[in-house]
Asks: 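The structure is given below, and queries will be raised subsequently.
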Amino acid sequence: VIEVRDSGPGIPVADQQRVFERFYRVDHARSRDTGGTGLGLAIARWAVEASGGRIELESAAGQGALFRVVLPRS
């Protein structure tokens, strides 16, 4: 298990499953010109699932986000 936590604004419940979609951005005001393409979490999910694992997300408004990568034992 690997956990990554941030102290940002959190991810709204309505967006929590969508953040793993290619090119999806929670902040629609951001563009490629300001950085990122919206691929990072989609690639991470693909790599973890290809290894037989899963990614979990816990987040609440104003509480940041916790991403948990769970990989099987070899």
Side-chain angles (χ1 to χ4, degrees):
V1 175
I2 302 166
E3 293 185 342
V4 178
R5 182 183 305 270
D6 71 27
S7 58
I11 300 171
V13 173
D15 294 310
Q16 288 185 14
Q17 289 304 311
R18 298 208 59 206
V19 297
F20 296 101
E21 295 174 12
R22 290 181 293 162
F23 307 113
Y24 185 77
R25 295 169 185 261
V26 172
D27 183 356
H28 300 290
R30 292 185 63 187
S31 69
R32 287 186 184 174
D33 296 336
T34 59
T37 59
L39 287 173
L41 288 173
I43 292 170
R45 180 179 66 177
W46 171 82
V48 169
E49 289 178 352
S51 300
R54 68 184 186 275
I55 294 183
E56 302 171 351
L57 167 60
E58 295 177 18
S59 184
Q63 302 288 321
L66 170 69
F67 290 89
R68 182 179 299 113
V69 176
V70 181
L71 297 169
R73 292 181 183 252
S74 58

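What you see below is based on every heavy atom in this structure, not just the backbone, and it leaves out hydrogens, waters and symmetry mates. Note that the structure is a prediction, hence the values are computed from the model and not measured.
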Asks: Tell me whether Q63 contacts the main-chain N or O of G10 through its side chain, where contact means a donor paired with an acceptor under 3.5 Å.
Replies: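 Not confirmed, Q63 side chain does not pair with G10 backbone.
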Asks: Apply salt bridge (Lys or Arg N to Asp or Glu O under 4.0 Å) to R68 and list each qualifying residue two or more places apart in sequence or on a separate chain.
Replies: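 By the salt bridge (Lys or Arg N to Asp or Glu O under 4.0 Å) rule, R68 matches E3, E56, E58.
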Asks: Among V13, L66, D15, I11, which residue meets the side-chain contact (heavy atoms from CB on, under 4.5 Å) test with S59?
Replies: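 With S59 as partner, V13, L66, D15, I11 yield a single side-chain contact (heavy atoms from CB on, under 4.5 Å), made by I11.
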Asks: How many angstroms lie between atom CG of L57 and atom CD of Q16, to the nearest 0.5 angstrom?
Replies: 4.5 Å
Asks: For Q17, does the CD atom sit with more than 12 other heavy atoms under 6.0 Å from it, leaving out its own atoms?
Replies: no
Asks: Please identify each residue that fulfils side-chain contact (heavy atoms from CB on, under 4.5 Å) with L41, with sequence neighbours left out.
Replies: V19, F20, F67
Asks: Can you tell me which residue among V4, I2, V1 is in a side-chain contact (heavy atoms from CB on, under 4.5 Å) with V69?
Replies: I2
